[in-house]
Amino acid sequence: MQVPMLDLKAQYATIKTEVLAQINDVLDSQRCIGGPKITELEEKIAAVSDCKFGLGVSSGTDAILDCLMSLGIGPGDEVITTPFTFFATVGCIARVGATPVFVDIDAKTYNIDPSKIEAAVTKKTKAIIPVHLFGQMADMDAIMKIADKHGLYVIEDACQSITSTYKGKKAGSIGFAGCFSFFPSKNLGGIGDGGMIVTNDKGFYDKISIMRSHGGGQQYYHDVVGGNFRLDPIQAAALLVKLPHLDSWSAARRRNAEYYNKKFAGSSIVTPYVSKDCVSIYNQYVLRVPHRDEMLKYLQDNNIGCAVYYPVPLHLQNCFKNLGYKVGDMPVSEKAAKEVLALPVYPELTDEMKDYVAQKVLEFSAKA
Ligand SMILES: *Cc1c(COP(=O)(O)O)cnc(C)c1O
């Protein structure tokens, strides 16, 4: 049997006619930049996120970049974040000229450990970027408490956690702004790159909108230097078809996760921990295992797609050598990087596929 890590074709087959019709609308209208599909998607994503405003942008990366630029964060400023995330979170901090300051993660959730944040705050700190990793939100109460005390902005990197909740509150709605990605492998994935910023702050919404189009409010008059961070209407068209399915797709991922959890109960395999405060959307189903690289190879040899998110924590990346971190500085992240293994959890998995994956995982761990 073959079980891929993700099967976008299986999902597309269920919505193909509608997607093509929506795209055809855009083509017929020849509104190739901006237009009604973008506005409709912005309103709908804001609504499902319990936020007042949504702003479509070119990617999750550009969502974070636009936020940092619009806050005027730059050289001399520090931004606190986690080293155990996708590169973009930290790449954006560096690109605006600010200094990323890493705080280690919680060993169970893989999210930033709030008990270690305060020690990292200095006079230069301007913002905290918590990342809601693998579909589960970070401990936002603790983070907001520290941010409020020190007057820091909180930008939620919710690229893996759209519609996920913390104490009933939606991802992106607790901090000053939230960033989503529509990269095809995310729970709500486009047919190319795309992203969205959500916020409840009208003044900030105006700033990020201007920044999205070269920093110009009125065309050809520029108050600030922005970029081209616009969302493509073809992406909005496809996403409008997918959005109504998001909750049922995320529920199917949760059911798949439960299915695996039951299979692994009683074994030595550490299954994903979900805090009682959170509902995860399981962008990834991540095990923690000894002999991880060998298990990865064993599963791949048995035609099972699986992946490591992330093998190298960001404080140890070559491009951040200048920051002066060394091995041992972020021990919890470094250990996780050696032990995590993500299994296929996408909604269209059949029971036979899940049984096969679980069987091979158990087979390997019995031998190892
Ligand atoms: C996917 C992702 C991003 C970047 O999103 P893109 O749309 O690929 O630019 C940023 N942060 C995290 C945590 C992500 O998973």
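Numbers for residues simply follow the sequence, beginning at 1. Both ligands and their constituent atoms are indexed starting at 1 by order of listing. Values below: every heavy atom of this structure, side chains too, minus hydrogens, waters and symmetry copies.
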Evaluate whether atom OH of Tyr153 has more than 12 neighbouring non-hydrogen atoms of other residues, nucleotides or ligands under 6.0 angstrom away.
-> no

Under the ring-ring contact (aromatic ring centres under 6.0 Å, His included) rule, collect the residues that match up with Phe229, sequence neighbours excluded.
-> none

Salt bridge Lys335-Glu339, side-chain N to carboxylate O under 4.0 Å | yes

Report the residues that fulfil side-chain hydrogen bond (donor to acceptor under 3.5 Å, both in side chains) with Thr163, sequence neighbours left out, ordered by chain and then residue number.
-> none

Nearest atoms (heavy-atom pairs only) where Gly72 meets Asp77 = O-OD2, 3.8 Å

Ligand 1 N/O to protein N/O, distances under 3.5 Å:
from, atom 1, to, atom 2, distance (Å)
ligand 1, 5 (O), Ser181, OG, 3.3
ligand 1, 7 (O), Gly60, N, 2.8
ligand 1, 7 (O), Ser181, OG, 2.6
ligand 1, 9 (O), Gly60, N, 3.4
ligand 1, 9 (O), Thr61, N, 2.9
ligand 1, 9 (O), Thr61, OG1, 2.4
ligand 1, 11 (N), Asp157, OD1, 3.3
ligand 1, 11 (N), Asp157, OD2, 2.8
ligand 1, 15 (O), Gln160, NE2, 2.8
ligand 1, 15 (O), Lys186, NZ, 2.9

Can you sort out the partners of Lys170 under salt bridge (charged side-chain N to carboxylate O under 4.0 Å, His left out), two or more places apart, ordered by chain and number?
-> none

